[in-house]
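In what follows, a structure is listed as structure tokens, so that the remarks can point back to it.
Atoms within each ligand, like the ligands themselves, are counted from 1 in listed order.
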Amino acid sequence: MSPSEPMAGSSFATLQELVVDKGLCMLCHGCVASCPVDAIEIVGERVSLTGECIECGACYRVCPGKGYDFDKVREGLFGRREKGIKERFHGVHLSGKNLRSSDDEVFRAGYVGGRVSAVLIHALEEGLIDAALTTDWGEGPTLSVGSGRICRDRASVLGSSSSKYLFSPVLTLLKEVQRDPDIERVAVVGLPCHIQALRNMRSDKAASRYTEKVVYALSLNCGAPNLTDENWRSLIGRIMEVSREDISSVDIRKIKGRTLRFRVRMKDGTESVRDRPLSDYMGMIKRYPRWPRCDLCIDYSGELSDISFGNPLARTEKGRDLLDGAVKAGKLIPGSRDQATSQFAIDVYGYLLKKVGAKRRVERRRRKGEPHPEYRC
Ligand SMILES: Cc1cc2nc3c(=O)[nH]c(=O)nc-3n(C[C@H](O)[C@H](O)[C@H](O)COP(=O)(O)OP(=O)(O)OC[C@H]3O[C@@H](n4cnc5c(N)ncnc54)[C@H](O)[C@@H]3O)c2cc1C
């Protein structure tokens with residue numbers, strides 16, 4: 001059976017048995033976003049049924065954790081497979097550029113040049129979208145899960161700029177958007193797993209209504225680790241020299257150049273603040289293991305998005321129009337040679353980690369009869 005095909009009689013029990021209990025959940029929140037009766041929640045770090053299941057099967061059908069039919073979705077989106085060596089590396093795309101935000105404030109707030117934020121601000125200012133759906137640091141109690149933000153203006157986009165190595169509930173905002181008469185068009189920013197779930201939702205008879213207002217799907221490349229709550233507590237406990245059990249919430253922002261400001265709220269209401277170089281943070285975070293299912297994910301560069309970031313790659317025509325429009329409007333300018341060089345090195349790492357390494361890990365699991373996602377690609 002194809003990974004995207006519906007399964008007869010599927011329900012939350014199917015999702016639980018074939019995905020959650022087998023350790024294949026990516027915490028993309030696609031199931032929560034698709035449940036028409038709001039019966040599914042993430043409790044701690046586990047997808048859970050907290051209401052009554054009506055057995056529509058949407059949660060199971062949209063789930064990218066069980067595997068993914070990249071061939072089918074790619075064909076529907078682009079009308080073709082990858083061509084040539086560049087596309088085997090990066091996925092189907094129409095153009096790619098080394099860019100950064102021209103605006104100092106956006107550049108500084110962003111993680112790597114503020115390119116995502118610049119594109120969102122451009123789309124809002126030009127009236128191409130009414131809102132952008134982005135990700136904030138979480139409000140607890142699980143440090144590994146962020147919170148979603150509906151941005152209607154520049155200040156809000158900047159407030160949620162920068163990368164957070166968190167599981168994002170961004171897709172769950174789609175229901176709120178669907179109900180809001182003032183919002184007709186949105187851009188969603190997500191990781192590759194979010195975009196996969198979003199594409200599944202769009203073609204699903206029960207879940208597609210939640211995606212009707214989505215006009216742009218923007219993806220971040222993803223090769224850096226998403227940590228568990230336990231490991232976040234350990235990391236932050238070490239950086240801030242506080243007791244890990246007593247941490248209530250964390251907020252990390254770039255303040256200047258490559259310096260991060262860590263703001264940690266403790267359960268007793270006190271707050272501590274500390275500045276650390278980005279390189280220290282990245283060095284420490286990489287020592288922690290990745291969420292196990294992320295190690296089986298073969299999509300490094302958001303191959304099913306309209307635009308993906310790293311170096312922005314426009315994949316669809318509307319993605320290319322949006323990116324070109326942001327360049328023409330002067331919102332994005334060429335990035336530095338250093339930025340291009342370091343992005344190239346990161347992309348090689350990401351390619352080896354996911355398109356080579358994860359494929360091998362999936363194959364190994366298949367041979368051993370262990371739970372694994374089914375891919376068609
Ligand atoms: C978990 C993770 C792993 C990554 N791994 C790589 C990698 O291996 N190689 C690589 O080239 N790039 C990777 N990135 C992307 C990279 O860190 C930058 O986000 C990207 O280059 C865009 O930078 P920017 O300055 O243009 O974006 P910004 O202008 O800073 O905007 C970033 C946008 O992403 C949103 N966002 C932040 N965190 C999340 C999240 N967890 N889920 C969904 N949306 C989020 C923000 O709300 C914001 O809208 C990763 C990002 C994350 C979150």
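Considering backbone and side-chain N/O of S161, none are found under 3.5 Å from N/O of ligand 1.
For the pair R276 and F262, the cation does not sit on the ring face, since its NZ or CZ is not both under 6.0 Å from the ring centre and inside 45° of the axis. Figure legend: cation-pi geometry between K66 and Y60, with NZ or CZ positioned under 6.0 Å from the six-membered ring centre and within 45° of its axis.
Using a 4.0 Å cut-off between heavy atoms, V112 contacts ligand 1 through both its backbone and its side chain.
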Donor-acceptor pairs are to be reported for all side-chain atoms of residues 321-338 against protein atoms at under 3.5 Å, with residues two or more places apart or in another chain.
unit_1: D324; atom_1: OD1; unit_2: K97; atom_2: NZ; d: 3.2
unit_1: K331; atom_1: NZ; unit_2: E125; atom_2: OE1; d: 3.0
unit_1: S336; atom_1: OG; unit_2: Q339; atom_2: N; d: 3.0

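Using a 4.0 Å cut-off to heavy atoms of S168, the atoms of ligand 1 that qualify are 42 (N), 43 (C). In the vicinity of G223, heavy-atom distances shorter than 4.0 Å reach the ligand 1 atoms 4 (C), 5 (N), 6 (C), 7 (C), 8 (O). Those atoms of ligand 1 with a heavy atom of N226 less than 4.0 angstrom away are 1 (C). Atoms of ligand 1 lying under 4.0 Å from at least one heavy atom of S117, given by number and element, are 28 (P), 29 (O), 31 (O).
By the 4.0 Å heavy-atom criterion, Y349 is excluded from the residues contacting ligand 1.
Counting only non-hydrogen atoms, the option in N221, I285, L218 that gets closest to atom 4 (C) of ligand 1 is N221. For atom 36 (N) of ligand 1, the nearest non-hydrogen atom from the set T134, L332, D347, L220 belongs to L220.
For the pair K213 and D130, the salt-bridge criterion is not met [side-chain N within less than 4.0 Å of a carboxylate O].
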Apply salt bridge (charged side-chain N to carboxylate O under 4.0 Å, His left out) to residues E363 and R366 and explain how you reach the verdict. CA-CA 5 Å; E363 210 25 64; R366 186 197 311 282; 3.1 Å; yes
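Judged purely by distance below 3.5 Å, without hydrogens or angles, the side chains of S308 and R315 pair a donor atom with an acceptor atom.
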